[in-house]
Amino acid sequence: MDYNLKDWQPVPWEMIKVPILWGRIKDTGVPVTILKQIGEKINTIPNDFNAHQQIRKFYEERLNWIQKDQGVDFATAEALAFGTLLHEGFNIRLSGEDVQRATFSHRHTVIHDQKNPNGNPYVPLHKVIPKGQEDRLSIYNSHLSEYGVLGFEYGYSITNPNTLVLWEAQFGDFANGAQIVIDNYIASAESKWDVDSGIVLLLPNGMDGQGPEHSSGRIERFLQLSDDDPAVFERNLGVRLKRQMRNSNMQIVQCTTPANYFHSLRRQLRRDFRKPLIAMTSKKLLRLQAAKSKLNEFSEQARFSQIYDDPFPEQINQPHEIQRVILCSGQVYYDILKKREDLKIKNTAIVRIEQLAPFPYEFLQSVISKYNKAYFVWVQEEHQNYGPWSFVRPRIQSVISKTQSLIQQQVQYIGRKPSGSPATGFHQLHEKEVQSYLTKAFEF
């Protein structure tokens, strides 16, 4: 069925009144026709506005990707998530240090006139909001206080359930300045006081050789704060497993595709309960050609994927011939994939875990059960005492032990050795470490 923007009606903003524009309440996908119409609106700069030529080119390129369905990047996926939610009647509020442009120059949601810098800026996302309601979109460059700003945004999220409230750290490492808010409120307020929040933390994360203060969003800290219980799966507690997301204290994701990032944002408002979302966002994937998504991955048939099986089954052996399954999460997947292609290896499958908490036990089991002759390893780019390893190890183990078709085994770790620092400050050492764990990932 073809949808058109003019057929949409505004929706009420009452608490937890989720608009049913298509599909069920939990559906996060949007018809491709609507995506293209919204994409055109939010990626067109008026000819009489004197935008910087590079910014105009940036928007023209994004519009071209959408119109020709050439695959969109993370920034475009985020803009489409914001645009569709705004048009459905929800509100967007984004704050953080340099979020209008974005630290890595990938967002550019507020555009300034080059000939009249003191004039009113142009905000493309306003094109999907009825005139006079522009205050439904708030994008603020905040001052340099993670503690103060995140505390304010958390409070805002409590009282505005129909607003997608996002706080972005300039680098994920800087979230440690707001640790009190994270520990005392975001992770525990629902359990302590029955106070719900749907706040989203965007934490740029990735071992890209930028040194110890610009590499790690400290995902292990958030995973330690998760109340995910491995016993839910081990003891076959069916009722609790079905309500796993609703009963959890927060969600922790590492999206490796723009489409999954799109769905993760939209599901914050397209359901009838609220949970904080901790999103470890990759810096490297923002401009990686391999990390793009086709529009059908955003469509009404698509939803958030907690697990990705190997996307290239035609390049590897049949499942019963696979000897090793590499489990991973985040941007390291693309490094592992490239290494496999370079080595022309066919006996190894790669499985990505996109949502780490609450842990997707059943989804993982359904994906890996067919690899009945394989041994499993966990590969991460972080040091062993950082990253997801400590969290995922007992959970992967419980899935293996509960899956009769698999060889019973202990999942093995491959990655950097333990360290007191999140990352080395020497780029040559960084590259040496990368090649070391990638080589070990394919050694038998």
Side-chain angles (χ1 to χ4, degrees), residues 5-6 34-87 90-145 149 152-153 163-171 174 202 204 214 258 261-262 265 281 283 285-289 292:
L5 286 179
K6 64 183 177 65
I34 294 295
L35 287 170
K36 287 187 174 182
Q37 291 174 57
I38 288 182
E40 183 174 354
K41 283 177 174 288
I42 66 176
N43 287 296
T44 302
I45 302 175
N47 291 329
D48 59 353
F49 187 85
N50 300 299
H52 191 285
Q53 60 179 0
Q54 288 297 107
I55 303 302
R56 188 175 290 277
K57 182 181 178 182
F58 168 86
Y59 272 91
E60 289 172 351
E61 187 175 49
R62 295 204 326 191
L63 178 58
N64 188 56
W65 290 339
I66 294 170
Q67 290 177 333
K68 297 183 179 179
D69 194 9
Q70 295 178 336
V72 302
D73 62 7
F74 275 86
T76 309
E78 181 185 81
L80 287 171
F82 290 172
T84 52
L85 288 171
L86 286 167
H87 196 88
F90 293 113
N91 310 324
I92 304 291
R93 178 181 175 84
L94 170 64
S95 71
E97 296 157 16
D98 201 16
V99 295
Q100 293 181 349
R101 178 192 67 127
T103 301
F104 311 106
S105 300
H106 64 276
R107 187 173 287 128
H108 296 292
T109 50
V110 179
I111 308 171
H112 297 273
D113 193 305
Q114 296 298 292
K115 294 184 178 179
N116 184 18
N118 296 321
N120 292 328
Y122 180 71
V123 182
L125 282 166
H126 282 163
K127 297 296 288 185
V128 294
I129 305 174
K131 201 165 185 179
Q133 298 180 18
E134 288 82 4
D135 58 351
R136 287 175 43 216
L137 172 67
S138 304
I139 304 177
Y140 295 115
N141 289 335
S142 64
H143 58 278
L144 304 181
S145 171
V149 175
F152 182 88
E153 300 303 336
T163 298
L164 182 66
V165 180
L166 309 99
W167 175 75
E168 183 174 64
Q170 197 165 35
F171 283 84
F174 302 169
L202 302 178
H214 299 84
Y261 179 51
F262 169 89
L265 295 179
T281 56
K283 299 161 282 182
L285 300 191
L286 292 173
R287 292 174 176 85
L288 187 68
Q289 189 63 31
K292 287 191 174 183

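Just so it is clear, the model here is predicted, and its values are computed rather than measured. All residue numbers in this chain count up from 1 along the given sequence.
Applying the side-chain contact (heavy atoms from CB on, under 4.5 Å) criterion to P117, with sequence neighbours excluded, gives no partner residue. Shown here are the salt bridge (Lys or Arg N to Asp or Glu O under 4.0 Å) partners of K283, two or more places apart in sequence or in another chain: D208. With sequence neighbours excluded, no residue forms a side chain to side chain donor-acceptor pair (under 3.5 Å) with Q170. With sequence neighbours left out, S142 forms a side chain to side chain donor-acceptor pair (under 3.5 Å) with no residue at all. Taking the side chain to side chain donor-acceptor pair (under 3.5 Å) definition, one finds that E134 meets it with nothing, sequence neighbours left out. With sequence neighbours left out, F171 forms a ring-ring contact (aromatic ring centres under 6.0 Å, His included) with F104, F174, H214. Remark: R101 engages D98 in a salt bridge (Lys or Arg N to Asp or Glu O under 4.0 Å) (not counting sequence neighbours). Not counting sequence neighbours, the partners of T163 by the side-chain contact (heavy atoms from CB on, under 4.5 Å) test are N91, R93, Y156, N160, V165. D113 meets the side-chain contact (heavy atoms from CB on, under 4.5 Å) test with F49, N50, K115, N116; sequence neighbours excluded.
For the pair P124 and I42, the tightest heavy-atom approach, listed with the atom from each and the gap, is CB-O, 3.2 Å. Scanning both residues, L94 and F82, for their nearest heavy atoms gives CD2-CE1, 4.4 Å. Across all non-hydrogen atoms, the minimal contact from P258 to A77 is O-CB, 3.3 Å.
Residues in residues 48-57 take part in no salt bridge (Lys or Arg N to Asp or Glu O under 4.0 Å) pair, two or more places apart or across chains. Each salt bridge (Lys or Arg N to Asp or Glu O under 4.0 Å) pair with one or both residues in residues 59-86, not counting sequence neighbours, appears once here: E78-R107. Note on residues 53-72: pairs passing ring pair (Phe, Tyr, Trp, His ring centres under 6.0 Å), not counting sequence neighbours, are F58-H108.
Panel note: side chain T109, backbone Q100; a donor-acceptor pair is recorded below 3.5 Å. The backbone N or O of V99 lies less than 3.5 Å from a partner atom in the side chain of N141, making a donor-acceptor pair. Judged purely by atom type and a 3.5 angstrom limit, H143 has no side-chain atom pairing as donor or acceptor with the backbone of S145.
For the pair F90/L164, no side-chain contact is recorded, criterion being any heavy-atom separation below 4.5 Å from C-beta on. Looking at heavy atoms from C-beta onward, T44 lies out of side-chain contact with K127 at the 4.5 angstrom threshold. Under the 4.5 Å side-chain criterion, counting only non-hydrogen atoms from C-beta, T103 is not in contact with P204. Between Q53 and Q114, every side-chain heavy-atom pair lies at or beyond the 4.5 Å cut-off.
Between atom OH of residue Y261 and atom OG1 of residue T76 there is a gap of 11.5 Å, rounded to the nearest 0.5 Å. In this structure, the separation between CD1 on I45 and CD1 on I111 is 3.5 Å, given to the nearest 0.5 Å. Distance CD1/I66 to CG/N43: 4.5 Å, rounded to 0.5 Å. Rounded to the nearest 0.5 angstrom, L80 CG and I34 CD1 are separated by 12.0 Å. Atom CG in L166 sits 11.5 Å away from atom OG in S138 (nearest 0.5 Å). In this structure, NZ in K292 is found 7.5 Å from CD in Q70, a value given to the nearest 0.5 Å.
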- From CA spacing to verdict: side chain to side chain contact (heavy atoms under 4.5 Å, CB included), V72, F262: CA-CA 11 Å; V72 302; F262 169 89; over 6 Å; no
